[in-house]
Amino acid sequence: MSFHAAWRLVLLLGVAALAAAWVAAVRRKRRDALRFTNVGLLDVVAPRKPDWRRHVPPVLFLAALVVLILGFAQPVRAVQVPDERAIVMLAVDTSLSMEADDVEPTRLDAARQAAHEFVDELPDGIDLGLVSFNGTATVAVPPSEDHDATRAAIDALELGEGTAIGEAIFAGLDAIEAAPGGAEGETAPARIVLMSDGETTVGRPNQEAAEAAAEAEVPVFTIAFGTPNGAVTVGDGLVQPVPVAPGPLRDVAEATGGQAYEAESLPQLSAVYDDIGSVVGYRDEDRDISGWFIGLGLLVLAAAGAGSMVWNQRLP
């Protein structure tokens, strides 16, 4: 929580002064009462066990002033709202290593399921697109509000040889650049969410693509998906290890201002997508909550008045 008019909080010093004056007045009244020599009269003027209820109304009154001043300072709270101008490009690795079954049933099938969950959680107004990449990168779906098109393209992903991470990033950037801009000519905020299990083997290098993304101010969120024990069967039953390689993806994320994640199972991948979705699909917006403080202050002020009328037969 923050305040739009924080300088108004200086009025709290006035409340502190009132509180100090009230405490001083109570103590002075007790000292004056001690001057009486008649014990019977002393019991009437200054009881040894004063009723605590007579202090409640002024305390509530001071508390109400504090709350009202906080409201006067215009408190705001950051809340997440759907960013309907945003563009999100999913880039999914479809290299042959995604056929490994170290993640059940296979890396690619698990990736499909988690990607569907990610799409389901995104606000409808966000433009969403899909890049499929193995030895080449293809924009399977250009960014649009038609999320069903992306869902269908996710189901249609097919495996191929090679891994072109750099080309996938360039394809995503091209799709973002070709998409309509934001309101009144503003540049729509864009993100690339890239999932892969390996290193670039063909095409332009990751570093070149990361530099282009950084220049375009498009953060790349990377997911290294798979385990170190992954393997696929090739040729005449030959088993070829395909361990996940998180390092290159981490470098891409750091170079573009994105975030790097690692997942070794479907639940972990789903959790990663949930985390990414809360970042790429929403933006923080300050909401004025001064009404809550003013309402609470009035309630406390009313309680102070009611207590004073009941216990002291006067308003505080």
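Note that these values count all heavy atoms, side chains included, but never hydrogens, waters or copies made by symmetry. Along the sequence shown, residues carry numbers from 1.
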How far apart are the closest heavy atoms of [X] and [Y], and which atoms are they?
{"X": "A111", "Y": "L269", "result": "CA-CD2, 3.9 Å"}
{"X": "L96", "Y": "E161", "result": "CD1-CG, 3.5 Å"}
{"X": "G166", "Y": "T200", "result": "N-OG1, 3.8 Å"}
{"X": "A153", "Y": "L130", "result": "CB-CD2, 3.5 Å"}
{"X": "T163", "Y": "S196", "result": "CG2-OG, 4.1 Å"}
{"X": "A110", "Y": "E104", "result": "CB-O, 4.1 Å"}

Heavy-atom count check: over 12 atoms from other residues, nucleotides or ligands less than 6.0 Å from [X] [atom1]?
{"X": "E199", "atom1": "CD", "result": "no"}
{"X": "E99", "atom1": "CD", "result": "no"}
{"X": "D155", "atom1": "CG", "result": "yes"}

[X] versus [Y]: any side-chain heavy-atom pair under 4.5 Å?
{"X": "F72", "Y": "R8", "answer": "yes"}
{"X": "Q268", "Y": "V272", "answer": "no"}
{"X": "V92", "Y": "S132", "answer": "no"}
{"X": "V193", "Y": "M89", "answer": "no"}

- Which pairs, with at least one residue in residues 241-252 and sequence neighbours excluded, count as a side chain to side chain donor-acceptor pair (under 3.5 Å)?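 Every pair satisfying side chain to side chain donor-acceptor pair (under 3.5 Å) with a residue in residues 241-252: R250-E262.
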- Yes or no on side chain to side chain contact (heavy atoms under 4.5 Å, CB included) for V103 and E264, after CA distance, side-chain angles and deciding distance? CA-CA 7 Å; V103 180; E264 295 187 350; 5.8 Å; no
- Query: Which is it for N134 and L159 under the side chain to side chain contact (heavy atoms under 4.5 Å, CB included) test, yes or no, and what are the steps along the way?
  - Reply: CA-CA 7 Å; N134 38 62; L159 298 175; over 6 Å; no
Quick one: pull up [atom1] in [X] and [atom2] in [Y] and give me the separation to the nearest 0.5 Å.
{"X": "I165", "Y": "R204", "atom1": "CD1", "atom2": "CZ", "value": "14.0 Å"}
{"X": "E158", "Y": "T138", "atom1": "CD", "atom2": "OG1", "value": "11.0 Å"}
{"X": "I169", "Y": "E211", "atom1": "CD1", "atom2": "CD", "value": "11.0 Å"}
{"X": "I69", "Y": "L11", "atom1": "CD1", "atom2": "CG", "value": "5.0 Å"}
{"X": "L122", "Y": "E145", "atom1": "CG", "atom2": "CD", "value": "12.0 Å"}
{"X": "L108", "Y": "D101", "atom1": "CG", "atom2": "CG", "value": "13.0 Å"}

- Basic-acidic side-chain contact under 4.0 Å: R107, D93: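 No, no charged N to carboxylate O under 4.0 Å.
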According to a 4.5 Å side-chain heavy-atom criterion applied to Ile, Leu, Val, Met, Phe, Trp and Tyr, with indirect links allowed, do [X] and [Y] form part of one hydrophobic cluster?
{"X": "L266", "Y": "L90", "value": "no"}
{"X": "L68", "Y": "L12", "value": "no"}
{"X": "L60", "Y": "L298", "value": "no"}
{"X": "V66", "Y": "L62", "value": "yes"}
{"X": "I294", "Y": "L299", "value": "no"}

Taking [Y]'s backbone N and O only, do any of them form a donor-acceptor pair with [X]'s side chain (distance below 3.5 Å, no angle check)?
{"X": "E177", "Y": "L173", "value": "no"}
{"X": "H147", "Y": "I126", "value": "yes"}
{"X": "S144", "Y": "D127", "value": "no"}
{"X": "R191", "Y": "A86", "value": "no"}

- Pairs satisfying ring-ring contact (aromatic ring centres under 6.0 Å, His included), at least one member in residues 94-138, at least two apart: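 Every ring-ring contact (aromatic ring centres under 6.0 Å, His included) pair that includes a residue of residues 94-138, provided the two are not neighbours, is F118-Y273.
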- Query: If we ignore angles and hydrogens, is there a donor and acceptor under 3.5 Å between the side chains of S270 and E117?
  - Reply: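 Side-chain D/A pair, S270 to E117: present.
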Could you go through residues 219-235 and list every donor-acceptor pair under 3.5 Å that involves a side-chain atom there, pairing it with any protein atom two or more places apart or in another chain?
unit_1, atom_1, unit_2, atom_2, d
T222, OG1, L249, O, 3.1
T227, OG1, D102, OD2, 2.6
T227, OG1, N229, N, 3.2

- I would like to know whether I154 and V119 meet side chain to side chain contact (heavy atoms under 4.5 Å, CB included); could you show each step before the answer? CA-CA 10 Å; I154 290 171; V119 174; 4.0 Å; yes
- Check against side chain to side chain contact (heavy atoms under 4.5 Å, CB included), T256 and V218: CA-CA 7 Å; T256 61; V218 177; over 6 Å; no
